[in-house]
Amino acid sequence: MRLKNTLTTLAATAMIAACSMTAAGPAVAAGDTAPACVARDVIKQNKTAWTTNNCGRNMHIQLVINNGPDRSCWTTSPGETLEWKWKMGSYGRIALC
């Protein structure tokens, strides 16, 4: 009986863990526009943007798309360049997150 209770508890714990991992968390809302030390290069026709962190510290940034889904928040190190692509909407801005 004890083994059965232990297995039932383990199964229930595994199910709860699996459900919590698959549940969508709240989206990170875009904050203020990123400072000028985050350089931007945007080619709107190709729906591509590049950012380079020239801030001297880690920055948490995301691409905001007008009339489309925003990109996820990324942490970028000093000197790091990120490439952003999107399919729908148009470039809005690079925001803090």
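Within 6.0 Å of the CG atom in N66, the count of heavy atoms belonging to other residues, nucleotides or ligands exceeds 12.
Separating the SG atom in C97 from the CD1 atom in I61 is a distance of 7.5 Å, to the nearest 0.5 Å. The OG1 atom of T81 sits 8.0 Å away from atom CG of N54, with the distance rounded to the nearest 0.5 Å.
Across all their heavy atoms, C73 and H60 have their closest contact at SG-CB, 4.0 Å. Summarising the geometry of N58 relative to S77, their closest heavy-atom pair is OD1-CA, 3.3 Å, with the distance given to 0.1 Å. Annotation for M88 and P69: closest pair CE-CD, 3.8 Å, computed over non-hydrogen atoms.
Considering only residues two or more places apart in sequence or on other chains, K44 meets the side-chain hydrogen bond (donor to acceptor under 3.5 Å, both in side chains) condition with none of them. Checked against side-chain hydrogen bond (donor to acceptor under 3.5 Å, both in side chains), W84 has the following partners two or more places apart in sequence or in another chain: T51. Not counting sequence neighbours, the partners of S72 by the side-chain contact (heavy atoms from CB on, under 4.5 Å) test are W74.
W50 forms part of a hydrophobic cluster together with I43, judged by ILVMFWY side-chain heavy-atom separations under 4.5 Å.
The main-chain N or O of E80 is never found under 3.5 Å from a side-chain atom of N53 such that the two would form a donor-acceptor pair. In this structure a side-chain-to-backbone donor-acceptor pair under 3.5 Å is missing from Q62 to A95.
Hydrophobic clustering of Ile, Leu, Val, Met, Phe, Trp and Tyr side chains at less than 4.5 Å, counting indirect connections, keeps V42 apart from V64. Cluster annotation: L63 is connected to V38 through the hydrophobic network of ILVMFWY side chains, with a link wherever side-chain heavy atoms come within less than 4.5 Å.
Residue pairs meeting the side chain to side chain donor-acceptor pair (under 3.5 Å) criterion with at least one member in residues 85-97, sequence neighbours excluded: T33-R93, T48-K85.
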